[in-house]
2 protein chains.
Amino acid sequence: MMTSKNDKNTRTTGRPTLNEVARLAGVSPITASRALRGVSTVATALVEKVQKAAAELSYVVNPAARALASAQSHSVVVLVPSLSNLLFIETLEAIHQVLRPKGFEVLIGNTHYSREEEENLLRNYMAYQPRGLLLTGFDRTESARRMVESSNVPSVYMMDLDPGAGLNCVGFSQTSAGETAAAHLISRGRKRLAYIGAQLDQRTLLRGEGFRRALQRAQLYDPALELLTPRPSSVGLGGELFLQLLASHPDVDAIFFGNDDLAHGALLEALRHGIKVPEQVAVLGFNDLPASSFMVPRLSSISTPREAIGRRAAEHLLTLMAGNKIAKPVVDMGFELKVRESS
Amino acid sequence: MMTSKNDKNTRTTGRPTLNEVARLAGVSPITASRALRGVSTVATALVEKVQKAAAELSYVVNPAARALASAQSHSVVVLVPSLSNLLFIETLEAIHQVLRPKGFEVLIGNTHYSREEEENLLRNYMAYQPRGLLLTGFDRTESARRMVESSNVPSVYMMDLDPGAGLNCVGFSQTSAGETAAAHLISRGRKRLAYIGAQLDQRTLLRGEGFRRALQRAQLYDPALELLTPRPSSVGLGGELFLQLLASHPDVDAIFFGNDDLAHGALLEALRHGIKVPEQVAVLGFNDLPASSFMVPRLSSISTPREAIGRRAAEHLLTLMAGNKIAKPVVDMGFELKVRESS
DNA sequence: TTGTACGCGTTATCAA
DNA sequence: TTGATAACGCGTACAA
């Protein structure tokens, strides 16, 4: 034995331990632990002493030890379909802002819009015994679904609303957003309405479905005017699809894009080719990205509360993790149609 | 005692432990541990048995226990100044792609371009005993610097090149990028060259410095043509500053923007106000964001290897964490001037 | 090459 | 309200 085995204060890392804090405060380690965690059963005088000692040593808990002892980590896993989309970044930021101050460590997983990748990420991250899960949408493999369910880890689903209303979710109705888009364009007197969507995740599809339903009700639906591609959404792709659609269907007089970057591309190509927006064709985007209101012409779009969703979902999860049940599991954050110059 | 104290196999979490794997494989726990970690001193026959057992139980290590026992986590902390900038997203993606397959957990911290926030994040994340650090740039508080240094955690600095060449870094020379920008614009015969920068982080400043130096050498430098603001870079801001500059200095015939989104805003306002680009004023961006080549006119820009930097930095860190020293600590990934229509 | 004994820093359990 | 004791699951140091 190199060091005396009874020397509880021998440190290997340079960091102070709970033991040292306890000694300095003149209490037992467990009392120090309780004091620091704000567990109720500690006398306020002791709490203060412990906190002072901790501050003095600039003590920080060892998350590994804590996780091991409590069989619970302080990490929350967040799975989003993409990072290249500003969309989810704003949501992530908000999540961080809520969770970090509460001492949670946020683990981000990018599923790249793939169910398989999501399943893998989930399997891996579950090893960390996360305290909570923040997932995007409801479209996942059966096995992923089971993993989440059987783990009993508190989970909140973001972006969409659960039709079954059994899951905790914070989002808005994607289909009704699509309907709103159609209604707006129709109210402008447009007759030949198209939908262009990329990155065919469930929400893009749902939006298209709402759009289609509204068109059908107005007897304006033409399946030929639906341009869908699994390719990732981008400015370049938007321009390309826009030109392609107009070439094959020159009579189109309104287009709803599944994401603003597609619409930006369309607006730019319209400029380049002298296609008048909105005179010849109205353009409506989705998500209202920061650049949209500066496009030429300024892009009309459906603004979505990405940041608010992140914040709310994180708070939702916080109460869940605290062991409290939630009265209203489904939180509809709505969306807002911003009419500008392009439609 | 609810459970017999000698029962090493009683589990509290539903998860299999190393003990169980070892029992199933008929070896001691430590042998199982070594086998799973690929430590050389285990007979191949045993390794196979252990791996089979692990697979059968679908065993996954408990990261907390591992971290506690080894006083080392498997997490790598990455600190970037912003997430709303597509820039760093691409870098982060690349980092993930390299580190995750190696079993590292990536902890992302957003400093929001603030030295104080970076210091705080660092202090917090250090509690996780990260195995490695990926930091952006060299501009940080003295205390943050000390924390990194005294921790002895392997660190790689991204985006810029260390002038002292003492630190491991992967990036490119910001000043020479600024010089290249100036040289290009000058070669186009421009005489009244301006620099517009936002989000005055060190790299933006360095770029401006390079630009200025080249202008001075060409006797073309006019301090009045430098528009700098600490406000965060955005399309809207770019348009605003562009108009402002042209109003106060109508003779400006070329502008170098510190970031592409600023340039996008400028191009859009030029369109709106009938200002001819590049005839009246040439516009050059920085970073070559995906949308740039689709702008009207197509934006000339200096393309930066964000993704490659992330990948390389992560690999760099991997060798460092493996205990190997690196022959050439400073890795210059360069940049590329893309001349398109706007300049 | 394999195994034994122990400790990592914290929290749960139970007794005082 | 506080404290003693025993885990939590794994890796290190050493011995065999």
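Hydrogens, waters and symmetry mates are skipped; everything else that's a heavy atom, side chains included, is used. In the text below, chain A, chain B and the rest are named by the order of the sequence lines, each starting its count at 1.
For the segment residues 50-68 of chain A, residues with any heavy atom less than 4.0 angstrom from an atom of DNA chain C are, sorted by number, A/Tyr59, A/Val61, A/Asn62, A/Ala65, A/Arg66.
Between the C1' atom of D/dT2 and the NZ atom of A/Lys49 lies a distance of 13 Å, rounded to the nearest Å. Between the P atom of D/dT12 and the CZ atom of B/Arg34 lies a distance of 10 Å, rounded to the nearest Å. The separation between A/Leu36 atom CG and C/dT10 atom P is 9 Å, rounded to whole Å. Taking atom CG of A/Asn19 as the reference point, atom P of C/dC8 lies 9 Å away to the nearest angstrom. For the pair A/Leu18 CG and C/dA12 P, the computed distance is 12 Å after rounding to whole Å. Per the geometry, CG belonging to A/Leu46 stands 12 Å off C1' belonging to D/dG3, to the nearest Å. With rounding to whole Å, A/Arg37 atom CZ is found 17 Å from C/dG9 atom P.
Listed by chain and residue number, nothing satisfies the side-chain hydrogen bond (donor to acceptor under 3.5 Å, both in side chains) test with B/Arg146 (two or more places apart in sequence, or in another chain). Contacts of A/Tyr157 classified as ring pair (Phe, Tyr, Trp, His ring centres under 6.0 Å), with partners at least two apart in sequence or in another chain: A/Phe138.
Side chain of A/Ala69, nearest nucleotide from D/dC8, D/dT2, D/dT12: D/dC8.
Here A/Thr31 reaches the OP1 or OP2 of D/dG3: one of its side-chain N or O atoms lies under 4.0 Å away. Side-chain nitrogen and oxygen atoms of A/Ser33 include at least one within less than 4.0 Å of the OP1 or OP2 phosphate oxygen of C/dT11. Remark: A/Ser28 is in phosphate contact with D/dG3, judged by side-chain N or O atoms under 4.0 Å from OP1 or OP2.
Neither side chain, B/Asp160 nor B/Gln202, offers a donor N or O lying under 3.5 Å from an acceptor on the other.
Residue order along DNA chain D, read from the 5' end via each residue's closest nucleotide, puts A/Ile30 first among A/Ile30 and B/Ile30. Both B/Ser70 and A/Pro29 lie close to DNA chain C; mapped to their nearest nucleotides by heavy-atom distance, the more 5′-ward contact belongs to B/Ser70.
For residues 93-118 of chain A, every residue pair satisfying the ring-ring contact (aromatic ring centres under 6.0 Å, His included) rule, not counting sequence neighbours, is listed here: A/His74-A/Phe104. Within the structure, the salt bridge (charged side-chain N to carboxylate O under 4.0 Å, His left out) test picks out the following pairs touching residues 307-325 of chain A (sequence neighbours left out): A/Glu307-A/Arg311. Residue pairs satisfying the salt bridge (charged side-chain N to carboxylate O under 4.0 Å, His left out) criterion with at least one member in residues 121-133 of chain A, sequence neighbours excluded, are listed as follows: A/Glu119-A/Arg123.
B/Asn324 places no side-chain N or O within donor-acceptor distance of the main-chain N or O of B/Leu320, the cut-off being under 3.5 Å.
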Using a 3.5 Å cut-off and no angle test, enumerate the donor-acceptor pairs between side-chain atoms of residues 47-59 of chain A and protein atoms at least two apart in sequence or in another chain.
none

Under 3.5 Å, side-chain donor or acceptor atoms of residues 26-33 of chain A against the rest of the protein: list the pairs with distances, not counting sequence neighbours.
residue	atom	partner	partner atom	Å
A/Ser28	OG	A/Thr31	N	3.4
A/Ser28	OG	A/Thr31	OG1	3.0
A/Ser33	OG	A/Arg37	NE	3.2
A/Ser33	OG	A/Arg37	NH2	3.0

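Defining each end axis of the helix from C/dT1-D/dA16 to C/dA16-D/dT1 as the rotation carrying four pairs' C1' atoms onto the next four, with five pairs an end, the two axes are found to diverge by 30° to 10 degrees.
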